[in-house]
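This report concerns only the one structure given below.
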Amino acid sequence: MITMKDIVREGNPVLRKVAQPVELPPPQEDLKLLQEMLQFLINSQDPELAEKYELRPGSGLAAPQVGVSKRMFVMHTTDEHDRLFSYGFINPRIISHSMEETHLENGEGCLSVDRTIEGIVPRHARIRLRAQTLDGEDVNLRLRGLPAIVAQHEIDHLNGVMFYDRIEDYSGPYKKAISTI
Ligand SMILES: O=C(O)C[C@@H](Cc1ccccc1)[C@H](O)SCc1ccccc1
Ligand code: NI
């Protein structure tokens with residue numbers, strides 16, 4: 001069972017690596033890990049289990065956050081119509097997105113970041129996501145709202161990007177060095 005001790009925190013270089021594609025068909029051990037990551041999200045949203053195992057609630061989790069630099073993530077969240085989006089994604093790609101942007105009013109957090117970082121994190125309002133799912137099917141999903149934001153946050157993890165890299169005026173110690181012209 002995955003608990004908070006299994007989640008790597010900022011400063012660990014795995015969070016700044018570009019994760020490797022998963023070989024297809026996915027090895028059994030990758031599928032097992034993805035299933036355990038999804039179960040973590042479900043457990044983290046159960047008040048009794050979250051309290052018992054001291055879990056921070058999560059709507060998304062990427063494999064690098066459990067120290068595995070592979071291109072897969074899980075999501076367990078609802079949209080504004082209370083529809084549940086519960087998936088394990090393998091080799092996810094955003095194949096198109098809206099020009100329109102969105103953001104969470106109170107900014108974003110991260111299970112790998114044990115501090116609050118203020119600031120708006122701009123995200124695409126709508127994305128088209130292609131991936132293989134935990135169930136082995138190829139999906140091509142249109143996401144909007146919170147599921148779209150969660151997916152973008154997790155895919156950033158697969159590319160070594162942290163949410164605060166995207167805050168316009170963030171100049172904290174962890175911001176990735178950007179080349180100055
Ligand atoms: O660290 C992670 O990847 C899990 C994050 C994902 C996330 C944070 C903010 C916005 C979108 C995705 C969270 O722990 S999931 C919990 C959550 C959900 C919505 C807003 C804030 C926190
Ligand atoms: Ni995160």
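Predicted model only: the values in this text are computed from it and were never measured. Remember, it's 1-based here, ligands and their atoms both numbered in the order they're listed.
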task = Report yes or no: is the cationic atom of R115 (NZ for Lys, CZ for Arg) closer than 6.0 Å to the six-membered ring centre of Y164, at no more than 45° off its axis?
result = yes
request  = For G58, counting its heavy atoms only, list the atoms of ligand 1 lying under 4.0 Å from any of them.
outcome  = 14 (O), 15 (S), 16 (C)
Which of the ligand 1 atoms, numbered from 1, are nearer than 4.0 Å to a heavy atom of G60 = 2 (C), 3 (O), 4 (C), 15 (S)
ask   = Strictly under 4.0 Å, does any heavy atom of Q152 approach an atom of ligand 1?
value = no
task = Could you check atom 8 (C) of ligand 1 against the protein and tell me its nearest heavy-atom contact, residue, atom and distance included?
result = G109 O, 3.2 Å
request  = Please could you name the atoms of ligand 1 that P57 approaches to less than 4.0 Å, counting only its heavy atoms?
outcome  = 14 (O), 16 (C)
message = Please list, in number order, the atoms of ligand 1 under 4.0 Å from a heavy atom of H157.
response = 1 (O), 3 (O)
Closest approach of any protein heavy atom to atom 1 (O) of ligand 1, naming residue and atom = L111 N, 2.7 Å
request  = Begin from the C-alpha positions of D79 and R144 and carry the test salt bridge (charged side-chain N to carboxylate O under 4.0 Å, His left out) through to its verdict.
outcome  = CA-CA 8 Å; D79 67 5; R144 63 180 61 219; over 6 Å; no
inquiry  = Looking only at protein heavy atoms, which one is nearest to atom 19 (C) of ligand 1, and what is the separation?
reply    = L146 CD1, 4.1 Å
request  = Apply salt bridge (charged side-chain N to carboxylate O under 4.0 Å, His left out) to R123 and E101, showing your working.
outcome  = CA-CA 5 Å; R123 298 290 184 185; E101 294 192 336; over 6 Å; no
key: Atoms of ligand 1 close to E154 [distance to a heavy atom under 4.0 angstrom, numbered from 1]   = 2 (C), 3 (O), 4 (C), 6 (C)
ask   = Can L158 be reached from V8 by stepping across I, L, V, M, F, W or Y side chains whose heavy atoms are under 4.5 Å apart?
value = no
message = Any heavy atom of A62 closer to ligand 1 than 4.0 angstrom?
response = no
request  = Give the cluster check for V139 versus I95: same hydrophobic cluster or not, with ILVMFWY residues linked at side-chain heavy-atom distances below 4.5 Å.
outcome  = no
query = What protein N/O/S atoms sit under 2.8 Å from the Ni ion (ligand 2), by chain and number?
reply = C110 SG, H153 NE2, H157 NE2
query = Would you say S59 and ligand 1 have an N/O pair spaced under 3.5 Å apart?
reply = no
query = Which atoms of ligand 1 are found less than 4.0 Å from any heavy atom of L104?
reply = 10 (C), 20 (C)
request  = Any atoms of ligand 1 less than 4.0 Å from a non-hydrogen atom of C110? List them with their elements.
outcome  = 1 (O)
message = Salt bridge or not between D30 and K70? Use side-chain N to carboxylate O under 4.0 Å.
response = yes
Residue of the set K17, R16, R71 for which side-chain hydrogen bond (donor to acceptor under 3.5 Å, both in side chains) holds with N159 = R71
query = Among side-chain atoms of E108 and H153, is any donor-acceptor pair under 3.5 angstrom?
reply = yes
inquiry  = Evaluate H153 for polar contact with ligand 1, using N/O atom pairs at a separation under 3.5 Å.
reply    = yes
query = Between the side chains of N43 and Q39, is a donor N or O closer than 3.5 angstrom to an acceptor N or O?
reply = yes
query = How far apart are the closest heavy atoms of H76 and L41, and which atoms are they?
reply = N-CD1, 3.6 Å
